[in-house]
Amino acid sequence: MAIWCAQLALDRWRHSHNCKPGEGPDAQPFALITETAHGPRIAAPNAAAQLEGASCGMMVADARTLCPALQTSPGDPAGDLAFLERFAIWVQRWGPWSALDAPDGVLVDVSAVAHLFGGERRLLSDVAGRCHARGLTVHTAIAPTAGAAWALAHYGQGAAILGSDDDMAMRLADLPVAALRLDDDVLLVLRRLGLKRLGDLAGIGQGEGEGRNGRDAIKRRFRNHRSPGANPLVRMDQLIGLVPEPLLPVVPVHAPLVQRRLLEPVRHRSLLDTVVDDLAADMVRELEARGSGARRLELALWRVDGEVVMRQLELAAATRDASHITRLFTSRLDDVDAGFGIEMVRLRAAWCEELTLAQSDIEAAAQEHGTSLAACVDRLSVRLGEDAVQRPTLRASHVPERAQSWQRPLDPEPALQHELAFHTRPLKLLDRAEKIAVLYASPDGDPRQFRWRGKVHDIARVEGPERIAPEWWRERGAARLRDYYRIEDGSGRRYWIYREGLADDGRGGMPDWFVQGLCA
């Protein structure tokens, strides 16, 4: 089931201002605007503004030329998205799970649940009634696929229902190609090709001969478009159910939260540390009840003058150690200005991980005088910065500069898709490969002499080449292969150099040479 909130931004604005459609300021030409690099543009005009000629995406100055009485108010896209996320959880009353259809809709799985509401028609009526009672203008539809439900909700007539036994291609043939959820530039190309309805695309590729040739022509035209929104054939196959369309369900997450409302505002640091210590103990009890540990903690301090001071802490590993949490927050509160006093303190665990209870070794705990590795990493991160403490990890790539990356110290190492059998690598790699001038007997032969950093080096020994092909799934089609050589000059210094490309590969001129490492 697709639920399209046709006027999501306006409905949310009306709700925040206690207005009903057609009443108050909304009875006059009104629009929500958004700031752009070229000036404010209209994001959501109401019905009165649309009758006067204002439309979405129009510059406010142009809209006021057509409608001088136009009233505007700043839009809030982030608030609209947050509202849509809460709405996606609320609509799970009609199905086991739901998915976001940003920016103004949701998809609900209603498989085998319509009989609980008296049938699909009554289910849609219940959705429309409950949404209307909350001031939401919605269009709904039920279909076997997410694409078909979306198309009917946006371009169908009324609350449409499409059964699994219906011929979807025939039922949806009269809908415009915009019902495929395509990008604007793709829609422009299709209109220029004369493909304006879904029936025009459905006829392409049916059977052999001319239809198959037409499908191949469309496939060639959009072969470089990888995303579904840029390929009409993929969207058409998803709509009629030939290709599956994965959806990401919305899972409600209830973050543990504890707070203290103080009888008297506190201004002294010692009192604030006591409150934070109490909150840390309360948070540990909440986490123990859930069987989880905190990875990210947010501390909010409400001042008497209404200002809120936020401090965030991200931990190297999940923890339920109250003293450790208090100690880390203590170093983050040195620059807090209490003003006339702090009247409320709130601690929230924004990110939690599963952390089971474990029996501690009493004798080992009594003999332990050091600090755990996670606590050490947290202290270093607080003192030096979150990005200053990292560790290297291997990546599945033969290209030297991509074979290693950095990650958080205690995060698990990503599993390589396959074991890579590397040749011996030099102990020192340059931060960036440096270009050198090489003298060689033939374009594909071994190097004889090279110039690097203003000095000429005669090559006494050569080992190689080791050929590394470009990673075609990451690089452009013009990327060139590399031939790596281990060389030694007359003074005994050893280098790791490579030739990029071949003379006759057709990918741009003569090959270039680079030095990338120093060998032992």
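If you read the sequence from its start, that first residue is 1, and numbering goes on from there.
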Selection residues 189-198 - residue pairs positive for side-chain hydrogen bond (donor to acceptor under 3.5 Å, both in side chains), sequence neighbours left out: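 Qualifying pairs: none.
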Sub-3.5 Å donor-acceptor pair from the side chain of [X] to the main-chain atoms of [Y], do we have one?
X	Y	result
R12	L136	no
N46	Q28	yes
D76	G79	yes
T140	I3	no
R320	S292	yes
D337	G339	yes
R346	L301	no
S98	Q92	no
R348	L257	no

[Y] side chain reached by [X] side chain, heavy atoms, under 4.5 Å:
X	Y	answer
L247	W97	yes
F30	W13	yes
W94	L123	yes
Q404	R395	no
P232	L201	yes
L242	M236	no
L315	L328	yes
L248	L100	no

Derivation of the side chain to side chain contact (heavy atoms under 4.5 Å, CB included) call for C131 and F87: CA-CA 10 Å; C131 291; F87 181 70; 4.1 Å; yes
Flag for Q7-R14: side-chain donor and acceptor within less than 3.5 Å: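 Judged by distance alone, the side chains do pair up.
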Distance-only polar pair, side chains of D321 and T319, donor-acceptor under 3.5 Å: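 No pair is found: no donor N or O on one side chain lies under 3.5 Å from an acceptor on the other.
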Other residues, nucleotides, ligands: >12 heavy atoms within 6.0 Å of [X] [atom1]:
X	atom1	value
D174	CG	no
R402	CZ	yes
D335	CG	yes

Partners passing side chain to side chain donor-acceptor pair (under 3.5 Å) against [X] (at least two apart in sequence or in another chain):
X	result
S125	none
D282	R260, R285
R474	E471

Residue pair L32, T72: steps toward the side chain to side chain contact (heavy atoms under 4.5 Å, CB included) verdict: CA-CA 6 Å; L32 297 176; T72 61; over 6 Å; no
Point-to-point distance, once rounded to the nearest 0.5 Å, from [atom1] of [X] to [atom2] of [Y]:
X	Y	atom1	atom2	value
I42	M59	CD1	CE	10.0 Å
Q390	S405	CD	OG	9.5 Å
L187	L180	CG	CG	8.0 Å

Whether W150 and Y155 hold their rings parallel, tilted or perpendicular, with breakpoints at 30° and 60°: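 Ring orientation, 0 to 90° scale: tilted.
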Partner residues of [X] under the salt bridge (charged side-chain N to carboxylate O under 4.0 Å, His left out) criterion, sequence neighbours left out:
X	value
R391	E413
D104	none
E314	R296, R408

Test side chain to side chain contact (heavy atoms under 4.5 Å, CB included) applied to V308 and R303, step by step: CA-CA 6 Å; V308 181; R303 301 197 328 186; over 6 Å; no
Sequence neighbours left out, cut at 3.5 Å: what donor-acceptor pairs do the side chains of residues 271-281 make with other protein atoms?
residue: D273; atom: OD1; partner: R269; partner atom: NE; Å: 2.8
residue: D273; atom: OD2; partner: R269; partner atom: NE; Å: 3.4
residue: T274; atom: OG1; partner: S270; partner atom: O; Å: 3.0
residue: D277; atom: OD1; partner: T326; partner atom: OG1; Å: 3.4

Once salt bridge (charged side-chain N to carboxylate O under 4.0 Å, His left out) is applied, what residue pairs with a partner in [range] remain, sequence neighbours excluded?
range	result
residues 40-69	none
residues 243-254	R181-E245, R235-E245
residues 128-152	D126-R130
residues 86-103	none

